[in-house]
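Convention: sequence-line order gives letters A, B, ...; per-chain numbering from 1. Computed from heavy atoms alone, side chains included, the values below leave out hydrogens, waters and symmetry copies. Everything quoted here is computed from the prediction, not taken from an experiment.
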Number of protein chains: 2
Amino acid sequence: MRQMGNKAKLIEAATDLIHQKGYHTTTVDNILDKTGVKKSNFYYHFKSKEELALIALDSRIEQFEEEIINYTLLDGSISPKSRLKRFYKKISDYHESLNCERGCPFGNLAIEMSDVNEGFRSRLSVFFQNWESVLESCIAEGIKRGEFRSDIDPQHIASLLLCHLEGAIMMVKTYKTPEPLSSRIHSIMKLLEPI
Amino acid sequence: MRQMGNKAKLIEAATDLIHQKGYHTTTVDNILDKTGVKKSNFYYHFKSKEELALIALDSRIEQFEEEIINYTLLDGSISPKSRLKRFYKKISDYHESLNCERGCPFGNLAIEMSDVNEGFRSRLSVFFQNWESVLESCIAEGIKRGEFRSDIDPQHIASLLLCHLEGAIMMVKTYKTPEPLSSRIHSIMKLLEPI
DNA sequence: CTATTAGGTCTGACCGGTCAGTCCTAATTA
DNA sequence: TAATTAGGACTGACCGGTCAGACCTAATAG
(Lines give C-alpha, C1' and ligand atoms only; values in the text may rest on other atoms or scores of the structure.)
Protein backbone atom coordinates (compact mmCIF):
# COMPACT_ATOMS: atom_id res chain seq x y z
CA MET A 1 0.00 0.00 0.00
CA ARG A 2 2.57 2.54 -1.03
CA GLN A 3 1.88 6.13 -1.93
CA MET A 4 -1.67 5.80 -3.16
CA GLY A 5 -2.92 8.56 -5.43
CA ASN A 6 -6.21 10.22 -4.68
CA LYS A 7 -7.95 8.27 -7.42
CA ALA A 8 -6.97 4.93 -5.92
CA LYS A 9 -7.89 6.15 -2.44
CA LEU A 10 -11.35 7.14 -3.66
CA ILE A 11 -11.94 3.76 -5.28
CA GLU A 12 -10.87 1.94 -2.15
CA ALA A 13 -13.00 4.05 0.16
CA ALA A 14 -16.02 3.82 -2.13
CA THR A 15 -15.71 0.04 -2.28
CA ASP A 16 -15.68 -0.18 1.46
CA LEU A 17 -18.42 2.33 2.20
CA ILE A 18 -20.78 0.92 -0.43
CA HIS A 19 -20.34 -2.54 1.04
CA GLN A 20 -21.12 -1.10 4.46
CA LYS A 21 -24.01 1.19 3.66
CA GLY A 22 -25.12 0.56 0.12
CA TYR A 23 -24.90 2.87 -2.87
CA HIS A 24 -27.64 5.38 -2.16
CA THR A 25 -26.80 6.01 1.45
CA THR A 26 -23.11 6.38 0.74
CA THR A 27 -22.70 10.06 -0.07
CA VAL A 28 -19.91 11.68 -1.99
CA ASP A 29 -19.15 13.61 1.19
CA ASN A 30 -18.78 10.33 3.11
CA ILE A 31 -16.15 9.20 0.63
CA LEU A 32 -14.47 12.60 0.81
CA ASP A 33 -14.36 12.58 4.60
CA LYS A 34 -12.84 9.11 4.68
CA THR A 35 -10.09 9.95 2.21
CA GLY A 36 -9.44 13.62 2.90
CA VAL A 37 -9.82 14.29 -0.80
CA LYS A 38 -11.60 17.49 -1.85
CA LYS A 39 -14.85 17.39 -3.75
CA SER A 40 -13.46 19.28 -6.69
CA ASN A 41 -10.71 16.71 -6.99
CA PHE A 42 -13.26 13.91 -6.83
CA TYR A 43 -14.95 15.33 -9.89
CA TYR A 44 -11.64 15.74 -11.58
CA HIS A 45 -11.10 11.97 -11.43
CA PHE A 46 -14.70 10.80 -11.89
CA LYS A 47 -17.53 12.33 -13.80
CA SER A 48 -20.10 11.21 -11.25
CA LYS A 49 -20.70 9.22 -8.10
CA GLU A 50 -22.17 6.51 -10.31
CA GLU A 51 -19.02 6.23 -12.41
CA LEU A 52 -16.88 5.76 -9.32
CA ALA A 53 -19.26 3.16 -7.91
CA LEU A 54 -19.18 1.19 -11.14
CA ILE A 55 -15.39 1.24 -11.20
CA ALA A 56 -15.34 0.22 -7.55
CA LEU A 57 -17.65 -2.69 -8.35
CA ASP A 58 -15.45 -3.85 -11.21
CA SER A 59 -12.38 -3.81 -9.02
CA ARG A 60 -14.18 -5.69 -6.27
CA ILE A 61 -15.30 -8.36 -8.73
CA GLU A 62 -11.78 -8.75 -10.04
CA GLN A 63 -10.37 -9.04 -6.54
CA PHE A 64 -12.96 -11.63 -5.52
CA GLU A 65 -12.29 -13.79 -8.53
CA GLU A 66 -8.55 -13.61 -8.03
CA GLU A 67 -8.43 -14.07 -4.28
CA ILE A 68 -11.37 -16.36 -3.56
CA ILE A 69 -12.53 -18.27 -6.63
CA ASN A 70 -9.05 -19.05 -7.92
CA TYR A 71 -7.87 -20.44 -4.60
CA THR A 72 -10.94 -22.56 -3.92
CA LEU A 73 -13.28 -23.63 -6.72
CA LEU A 74 -10.58 -23.44 -9.37
CA ASP A 75 -7.75 -25.06 -7.42
CA GLY A 76 -7.01 -28.10 -9.56
CA SER A 77 -4.60 -29.53 -7.00
CA ILE A 78 -7.40 -30.77 -4.75
CA SER A 79 -10.60 -32.74 -5.33
CA PRO A 80 -13.86 -31.01 -6.32
CA LYS A 81 -15.41 -31.86 -2.99
CA SER A 82 -12.46 -30.36 -1.12
CA ARG A 83 -12.61 -27.31 -3.33
CA LEU A 84 -16.26 -26.79 -2.50
CA LYS A 85 -15.66 -27.23 1.21
CA ARG A 86 -12.77 -24.82 1.16
CA PHE A 87 -14.90 -22.34 -0.74
CA TYR A 88 -17.66 -22.44 1.87
CA LYS A 89 -15.16 -22.23 4.69
CA LYS A 90 -13.55 -19.15 3.23
CA ILE A 91 -16.84 -17.33 2.66
CA SER A 92 -18.16 -18.33 6.06
CA ASP A 93 -14.99 -17.21 7.84
CA TYR A 94 -15.11 -13.90 6.02
CA HIS A 95 -18.60 -13.05 7.23
CA GLU A 96 -17.80 -14.20 10.74
CA SER A 97 -14.79 -11.89 10.70
CA LEU A 98 -17.18 -9.05 9.84
CA ASN A 99 -19.29 -9.83 12.92
CA CYS A 100 -22.11 -10.94 10.61
CA GLU A 101 -22.51 -7.41 9.36
CA ARG A 102 -22.46 -5.98 5.84
CA GLY A 103 -23.56 -9.07 3.93
CA CYS A 104 -22.48 -9.92 0.39
CA PRO A 105 -21.08 -6.91 -1.49
CA PHE A 106 -22.56 -8.26 -4.72
CA GLY A 107 -25.90 -9.48 -3.44
CA ASN A 108 -26.52 -6.24 -1.57
CA LEU A 109 -25.89 -4.24 -4.70
CA ALA A 110 -27.95 -6.61 -6.83
CA ILE A 111 -30.98 -6.03 -4.68
CA GLU A 112 -30.46 -2.30 -4.34
CA MET A 113 -29.64 -1.50 -7.95
CA SER A 114 -31.05 -4.12 -10.33
CA ASP A 115 -34.34 -2.34 -10.86
CA VAL A 116 -32.98 1.19 -11.10
CA ASN A 117 -29.62 1.06 -12.87
CA GLU A 118 -28.94 -1.20 -15.80
CA GLY A 119 -25.17 -0.70 -15.54
CA PHE A 120 -25.03 -2.31 -12.11
CA ARG A 121 -27.56 -4.98 -13.02
CA SER A 122 -25.77 -6.18 -16.14
CA ARG A 123 -22.35 -6.30 -14.48
CA LEU A 124 -23.73 -8.24 -11.53
CA SER A 125 -25.68 -10.53 -13.81
CA VAL A 126 -22.56 -11.46 -15.78
CA PHE A 127 -20.58 -11.86 -12.57
CA PHE A 128 -23.12 -14.19 -10.97
CA GLN A 129 -23.48 -16.25 -14.14
CA ASN A 130 -19.73 -16.64 -14.32
CA TRP A 131 -19.60 -17.70 -10.69
CA GLU A 132 -22.37 -20.21 -11.39
CA SER A 133 -20.48 -21.73 -14.30
CA VAL A 134 -17.35 -22.17 -12.18
CA LEU A 135 -19.49 -23.95 -9.60
CA GLU A 136 -21.01 -26.05 -12.35
CA SER A 137 -17.60 -27.22 -13.57
CA CYS A 138 -16.60 -28.13 -10.05
CA ILE A 139 -19.80 -30.13 -9.56
CA ALA A 140 -19.50 -31.80 -12.96
CA GLU A 141 -15.98 -32.94 -12.23
CA GLY A 142 -17.06 -34.15 -8.81
CA ILE A 143 -19.79 -36.21 -10.39
CA LYS A 144 -17.32 -37.71 -12.84
CA ARG A 145 -15.12 -38.69 -9.92
CA GLY A 146 -18.03 -40.19 -8.03
CA GLU A 147 -17.90 -37.60 -5.24
CA PHE A 148 -21.35 -36.17 -5.94
CA ARG A 149 -24.67 -37.69 -6.92
CA SER A 150 -25.18 -37.89 -10.65
CA ASP A 151 -28.96 -37.76 -11.00
CA ILE A 152 -29.23 -33.95 -11.04
CA ASP A 153 -27.94 -31.59 -13.70
CA PRO A 154 -24.71 -29.93 -12.50
CA GLN A 155 -25.99 -26.63 -13.86
CA HIS A 156 -29.05 -26.87 -11.66
CA ILE A 157 -27.00 -27.79 -8.62
CA ALA A 158 -24.73 -24.83 -9.26
CA SER A 159 -27.74 -22.54 -9.39
CA LEU A 160 -29.13 -24.01 -6.18
CA LEU A 161 -25.82 -23.59 -4.39
CA LEU A 162 -25.27 -20.00 -5.42
CA CYS A 163 -28.82 -18.99 -4.58
CA HIS A 164 -28.57 -20.70 -1.23
CA LEU A 165 -25.27 -19.01 -0.49
CA GLU A 166 -26.64 -15.56 -1.21
CA GLY A 167 -29.73 -16.22 0.87
CA ALA A 168 -27.63 -17.62 3.70
CA ILE A 169 -25.44 -14.52 3.77
CA MET A 170 -28.64 -12.46 3.93
CA MET A 171 -29.75 -14.48 6.95
CA VAL A 172 -26.34 -14.19 8.64
CA LYS A 173 -26.74 -10.44 8.38
CA THR A 174 -30.34 -10.51 9.58
CA TYR A 175 -30.01 -12.98 12.43
CA LYS A 176 -26.57 -11.66 13.34
CA THR A 177 -25.19 -15.16 13.71
CA PRO A 178 -22.96 -17.12 11.30
CA GLU A 179 -25.04 -20.29 11.71
CA PRO A 180 -27.23 -20.07 8.60
CA LEU A 181 -24.03 -20.40 6.60
CA SER A 182 -21.44 -22.11 8.80
CA SER A 183 -23.64 -24.80 10.34
CA ARG A 184 -25.34 -25.75 7.11
CA ILE A 185 -22.31 -26.63 5.00
CA HIS A 186 -22.39 -30.15 6.33
CA SER A 187 -26.03 -30.65 5.29
CA ILE A 188 -25.31 -29.34 1.82
CA MET A 189 -22.49 -31.81 1.43
CA LYS A 190 -24.78 -34.59 2.55
CA LEU A 191 -27.41 -33.64 -0.02
CA LEU A 192 -24.78 -33.83 -2.73
CA GLU A 193 -23.50 -37.26 -1.71
CA PRO A 194 -23.94 -40.07 -4.23
CA ILE A 195 -27.16 -41.96 -3.54
CA MET B 1 -61.32 -1.47 0.32
CA ARG B 2 -64.05 1.14 0.11
CA GLN B 3 -63.68 4.53 1.70
CA MET B 4 -60.14 4.27 2.96
CA GLY B 5 -59.04 6.86 5.47
CA ASN B 6 -55.82 8.73 4.86
CA LYS B 7 -53.99 6.66 7.42
CA ALA B 8 -54.78 3.41 5.62
CA LYS B 9 -53.94 4.99 2.28
CA LEU B 10 -50.54 6.05 3.57
CA ILE B 11 -49.76 2.59 4.91
CA GLU B 12 -50.73 0.98 1.61
CA ALA B 13 -48.74 3.40 -0.50
CA ALA B 14 -45.71 3.11 1.77
CA THR B 15 -45.83 -0.68 1.60
CA ASP B 16 -45.89 -0.58 -2.16
CA LEU B 17 -43.25 2.10 -2.66
CA ILE B 18 -40.83 0.57 -0.18
CA HIS B 19 -41.14 -2.77 -1.93
CA GLN B 20 -40.43 -1.02 -5.23
CA LYS B 21 -37.63 1.31 -4.23
CA GLY B 22 -36.47 0.44 -0.74
CA TYR B 23 -36.79 2.46 2.43
CA HIS B 24 -34.16 5.15 1.95
CA THR B 25 -35.04 6.06 -1.61
CA THR B 26 -38.74 6.22 -0.88
CA THR B 27 -39.34 9.80 0.22
CA VAL B 28 -42.19 11.14 2.29
CA ASP B 29 -43.08 13.30 -0.71
CA ASN B 30 -43.30 10.17 -2.89
CA ILE B 31 -45.84 8.72 -0.51
CA LEU B 32 -47.70 12.04 -0.37
CA ASP B 33 -47.83 12.34 -4.17
CA LYS B 34 -49.14 8.81 -4.53
CA THR B 35 -51.94 9.30 -2.02
CA GLY B 36 -52.80 12.97 -2.39
CA VAL B 37 -52.49 13.35 1.35
CA LYS B 38 -50.96 16.55 2.71
CA LYS B 39 -47.73 16.52 4.64
CA SER B 40 -49.28 17.98 7.75
CA ASN B 41 -51.79 15.16 7.76
CA PHE B 42 -49.02 12.62 7.33
CA TYR B 43 -47.39 13.86 10.53
CA TYR B 44 -50.76 13.94 12.20
CA HIS B 45 -51.00 10.16 11.79
CA PHE B 46 -47.32 9.17 12.09
CA LYS B 47 -44.56 10.67 14.13
CA SER B 48 -41.95 9.87 11.47
CA LYS B 49 -41.27 8.16 8.17
CA GLU B 50 -39.65 5.36 10.15
CA GLU B 51 -42.78 4.78 12.19
CA LEU B 52 -44.91 4.47 9.08
CA ALA B 53 -42.42 2.11 7.46
CA LEU B 54 -42.39 -0.14 10.52
CA ILE B 55 -46.18 -0.24 10.57
CA ALA B 56 -46.20 -0.96 6.84
CA LEU B 57 -43.77 -3.82 7.40
CA ASP B 58 -45.91 -5.29 10.15
CA SER B 59 -49.00 -5.19 7.96
CA ARG B 60 -47.14 -6.77 5.06
CA ILE B 61 -45.92 -9.59 7.29
CA GLU B 62 -49.41 -10.20 8.56
CA GLN B 63 -50.81 -10.23 5.05
CA PHE B 64 -48.14 -12.63 3.83
CA GLU B 65 -48.72 -15.06 6.63
CA GLU B 66 -52.48 -14.97 6.15
CA GLU B 67 -52.59 -15.11 2.37
CA ILE B 68 -49.57 -17.24 1.47
CA ILE B 69 -48.35 -19.35 4.36
CA ASN B 70 -51.79 -20.33 5.59
CA TYR B 71 -52.93 -21.49 2.16
CA THR B 72 -49.79 -23.44 1.31
CA LEU B 73 -47.41 -24.64 4.01
CA LEU B 74 -50.12 -24.76 6.67
CA ASP B 75 -52.90 -26.30 4.60
CA GLY B 76 -53.52 -29.53 6.49
CA SER B 77 -55.90 -30.83 3.82
CA ILE B 78 -53.06 -31.79 1.48
CA SER B 79 -49.80 -33.69 1.91
CA PRO B 80 -46.60 -31.92 3.03
CA LYS B 81 -45.02 -32.45 -0.37
CA SER B 82 -48.03 -30.92 -2.11
CA ARG B 83 -47.98 -28.03 0.34
CA LEU B 84 -44.34 -27.34 -0.43
CA LYS B 85 -44.93 -27.50 -4.17
CA ARG B 86 -47.90 -25.17 -3.94
CA PHE B 87 -45.85 -22.80 -1.82
CA TYR B 88 -43.10 -22.60 -4.43
CA LYS B 89 -45.60 -22.22 -7.22
CA LYS B 90 -47.32 -19.35 -5.53
CA ILE B 91 -44.09 -17.47 -4.81
CA SER B 92 -42.75 -18.14 -8.27
CA ASP B 93 -45.96 -16.99 -9.96
CA TYR B 94 -45.94 -13.84 -7.87
CA HIS B 95 -42.51 -12.77 -9.01
CA GLU B 96 -43.26 -13.66 -12.59
CA SER B 97 -46.35 -11.45 -12.37
CA LEU B 98 -44.06 -8.61 -11.28
CA ASN B 99 -41.91 -9.08 -14.40
CA CYS B 100 -39.08 -10.28 -12.20
CA GLU B 101 -38.80 -6.86 -10.63
CA ARG B 102 -38.89 -5.71 -7.03
CA GLY B 103 -37.68 -8.91 -5.38
CA CYS B 104 -38.73 -10.09 -1.93
CA PRO B 105 -40.22 -7.30 0.21
CA PHE B 106 -38.69 -8.88 3.31
CA GLY B 107 -35.30 -9.86 1.94
CA ASN B 108 -34.82 -6.44 0.36
CA LEU B 109 -35.51 -4.73 3.65
CA ALA B 110 -33.36 -7.21 5.58
CA ILE B 111 -30.35 -6.32 3.47
CA GLU B 112 -31.02 -2.61 3.45
CA MET B 113 -31.85 -2.15 7.10
CA SER B 114 -30.35 -4.92 9.26
CA ASP B 115 -27.12 -3.06 9.93
CA VAL B 116 -28.60 0.38 10.46
CA ASN B 117 -31.96 -0.01 12.20
CA GLU B 118 -32.55 -2.53 14.94
CA GLY B 119 -36.34 -2.16 14.72
CA PHE B 120 -36.43 -3.49 11.19
CA ARG B 121 -33.80 -6.14 11.86
CA SER B 122 -35.53 -7.63 14.86
CA ARG B 123 -38.95 -7.74 13.20
CA LEU B 124 -37.50 -9.38 10.10
CA SER B 125 -35.48 -11.78 12.17
CA VAL B 126 -38.55 -12.97 14.06
CA PHE B 127 -40.53 -13.17 10.83
CA PHE B 128 -37.90 -15.28 9.04
CA GLN B 129 -37.48 -17.57 12.02
CA ASN B 130 -41.18 -18.11 12.17
CA TRP B 131 -41.29 -18.87 8.47
CA GLU B 132 -38.45 -21.34 8.96
CA SER B 133 -40.27 -23.12 11.72
CA VAL B 134 -43.39 -23.50 9.58
CA LEU B 135 -41.21 -24.99 6.85
CA GLU B 136 -39.61 -27.25 9.43
CA SER B 137 -42.97 -28.63 10.55
CA CYS B 138 -43.96 -29.29 6.97
CA ILE B 139 -40.68 -31.14 6.33
CA ALA B 140 -40.93 -33.08 9.57
CA GLU B 141 -44.42 -34.25 8.75
CA GLY B 142 -43.28 -35.15 5.24
CA ILE B 143 -40.48 -37.26 6.66
CA LYS B 144 -42.90 -39.03 8.98
CA ARG B 145 -45.08 -39.84 5.99
CA GLY B 146 -42.11 -41.07 3.98
CA GLU B 147 -42.35 -38.28 1.41
CA PHE B 148 -38.94 -36.79 2.22
CA ARG B 149 -35.58 -38.29 3.09
CA SER B 150 -35.05 -38.76 6.79
CA ASP B 151 -31.29 -38.53 7.15
CA ILE B 152 -31.14 -34.76 7.51
CA ASP B 153 -32.50 -32.67 10.35
CA PRO B 154 -35.79 -31.03 9.28
CA GLN B 155 -34.61 -27.81 10.91
CA HIS B 156 -31.55 -27.76 8.69
CA ILE B 157 -33.58 -28.49 5.58
CA ALA B 158 -35.95 -25.66 6.47
CA SER B 159 -33.01 -23.30 6.79
CA LEU B 160 -31.59 -24.45 3.46
CA LEU B 161 -34.92 -24.01 1.72
CA LEU B 162 -35.58 -20.53 3.04
CA CYS B 163 -32.06 -19.33 2.29
CA HIS B 164 -32.25 -20.76 -1.19
CA LEU B 165 -35.61 -19.13 -1.79
CA GLU B 166 -34.36 -15.70 -0.79
CA GLY B 167 -31.26 -16.09 -2.92
CA ALA B 168 -33.31 -17.32 -5.86
CA ILE B 169 -35.60 -14.30 -5.67
CA MET B 170 -32.49 -12.13 -5.64
CA MET B 171 -31.32 -13.86 -8.82
CA VAL B 172 -34.72 -13.55 -10.49
CA LYS B 173 -34.45 -9.81 -9.91
CA THR B 174 -30.86 -9.65 -11.10
CA TYR B 175 -31.11 -11.90 -14.16
CA LYS B 176 -34.59 -10.61 -14.97
CA THR B 177 -35.85 -14.11 -15.64
CA PRO B 178 -38.01 -16.35 -13.39
CA GLU B 179 -35.82 -19.39 -14.06
CA PRO B 180 -33.64 -19.37 -10.93
CA LEU B 181 -36.83 -19.96 -8.98
CA SER B 182 -39.35 -21.58 -11.32
CA SER B 183 -37.06 -24.05 -13.07
CA ARG B 184 -35.32 -25.21 -9.93
CA ILE B 185 -38.31 -26.34 -7.89
CA HIS B 186 -38.12 -29.75 -9.50
CA SER B 187 -34.46 -30.21 -8.51
CA ILE B 188 -35.22 -29.22 -4.95
CA MET B 189 -37.97 -31.80 -4.76
CA LYS B 190 -35.58 -34.41 -6.10
CA LEU B 191 -32.99 -33.59 -3.46
CA LEU B 192 -35.62 -34.09 -0.78
CA GLU B 193 -36.78 -37.48 -2.07
CA PRO B 194 -36.24 -40.46 0.22
CA ILE B 195 -32.95 -42.19 -0.61
C1' DC C 1 20.52 29.35 -19.64
C1' DT C 2 16.16 31.38 -19.62
C1' DA C 3 11.37 31.88 -20.93
C1' DT C 4 7.33 29.73 -22.40
C1' DT C 5 4.06 26.23 -22.97
C1' DA C 6 1.51 22.16 -21.75
C1' DG C 7 -0.66 18.57 -19.04
C1' DG C 8 -1.99 16.69 -14.94
C1' DT C 9 -3.52 17.44 -10.19
C1' DC C 10 -5.67 19.90 -6.66
C1' DT C 11 -8.55 23.63 -4.25
C1' DG C 12 -12.28 26.71 -2.03
C1' DA C 13 -16.34 28.83 -2.94
C1' DC C 14 -20.54 28.06 -4.63
C1' DC C 15 -24.88 26.21 -7.18
C1' DG C 16 -29.82 24.64 -7.45
C1' DG C 17 -32.32 21.19 -5.57
C1' DT C 18 -34.16 17.70 -2.09
C1' DC C 19 -34.52 15.71 2.37
C1' DA C 20 -37.44 14.85 6.74
C1' DG C 21 -39.79 17.41 9.61
C1' DT C 22 -42.40 21.80 11.78
C1' DC C 23 -45.85 25.25 12.29
C1' DC C 24 -50.11 27.60 11.73
C1' DT C 25 -54.81 28.46 10.29
C1' DA C 26 -59.09 27.11 8.48
C1' DA C 27 -62.39 23.91 6.94
C1' DT C 28 -64.80 19.48 7.18
C1' DT C 29 -66.71 15.30 9.04
C1' DA C 30 -68.46 11.65 12.41
C1' DT D 1 -67.32 18.83 19.85
C1' DA D 2 -63.49 16.15 18.92
C1' DA D 3 -61.04 13.99 15.35
C1' DT D 4 -59.63 14.53 10.91
C1' DT D 5 -58.35 16.82 6.60
C1' DA D 6 -56.77 20.76 3.68
C1' DG D 7 -53.45 24.09 2.50
C1' DG D 8 -49.29 26.25 2.41
C1' DA D 9 -45.07 28.46 4.12
C1' DC D 10 -40.96 27.38 6.20
C1' DT D 11 -36.45 25.30 8.26
C1' DG D 12 -31.65 23.51 8.49
C1' DA D 13 -29.08 19.94 6.96
C1' DC D 14 -27.57 17.71 3.25
C1' DC D 15 -27.53 16.14 -1.69
C1' DG D 16 -24.66 15.64 -6.25
C1' DG D 17 -22.34 18.56 -9.06
C1' DT D 18 -19.74 22.96 -11.15
C1' DC D 19 -16.32 26.46 -11.71
C1' DA D 20 -12.32 29.53 -12.17
C1' DG D 21 -8.10 29.36 -10.95
C1' DA D 22 -3.64 27.72 -8.43
C1' DC D 23 0.13 24.53 -8.20
C1' DC D 24 3.79 21.37 -9.82
C1' DT D 25 6.67 19.22 -13.16
C1' DA D 26 8.64 18.44 -17.50
C1' DA D 27 9.26 19.32 -22.23
C1' DT D 28 10.31 22.83 -25.60
C1' DA D 29 11.80 27.20 -27.86
C1' DG D 30 14.69 31.31 -28.22
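For dC10(C), the OP1/OP2 oxygens have a side-chain nitrogen or oxygen of N6(A) closer than 4.0 Å. The shortest distance between the side-chain N/O atoms of K38(A) and the OP1/OP2 oxygens of dG12(C) is below 4.0 Å. H45(B) has a side-chain polar atom (N or O) that falls below the 4.0 Å cut-off from OP1 or OP2 of dT5(D). OP1 or OP2 of dA20(C) sits under 4.0 Å from a side-chain N or O of K49(B). A close approach under 4.0 Å does occur between a side-chain nitrogen or oxygen of Y44(B) and OP1 or OP2 of dT4(D). The phosphate of dG7(D) has neither OP1 nor OP2 within less than 4.0 Å of any side-chain N or O from S40(B).
Counted within 6.0 Å of NZ on K176(B), heavy atoms from surrounding residues, nucleotides or ligands total more than 12; the atom is thus considered enclosed.
Ring geometry for F127(B) against F106(B) counts as tilted: the plane angle lies between 30° and 60°, on a 0 to 90° scale.
With dT5(D), dC10(C), dG16(D) as the choices, the nucleotide that has an atom nearest any side-chain atom of N41(B) turns out to be dT5(D).
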Run the numbers on K34(B) and K9(B) for side-chain contact (heavy atoms from CB on, under 4.5 Å), then give the verdict. CA-CA 9 Å; K34(B) 184 163 178 165; K9(B) 278 197 236 170; over 6 Å; no
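Rounded to an integer number of Å, the gap from OH of Y43(B) to C1' of dT11(D) is 13 Å.
Side-chain atoms of T15(B) and R60(B) include no donor-acceptor pair closer than 3.5 Å.
In this structure, T26(A) reaches the sugar-phosphate backbone alone: every heavy-atom distance under 4.0 Å involves primed, P, OP1 or OP2 atoms, never a base.
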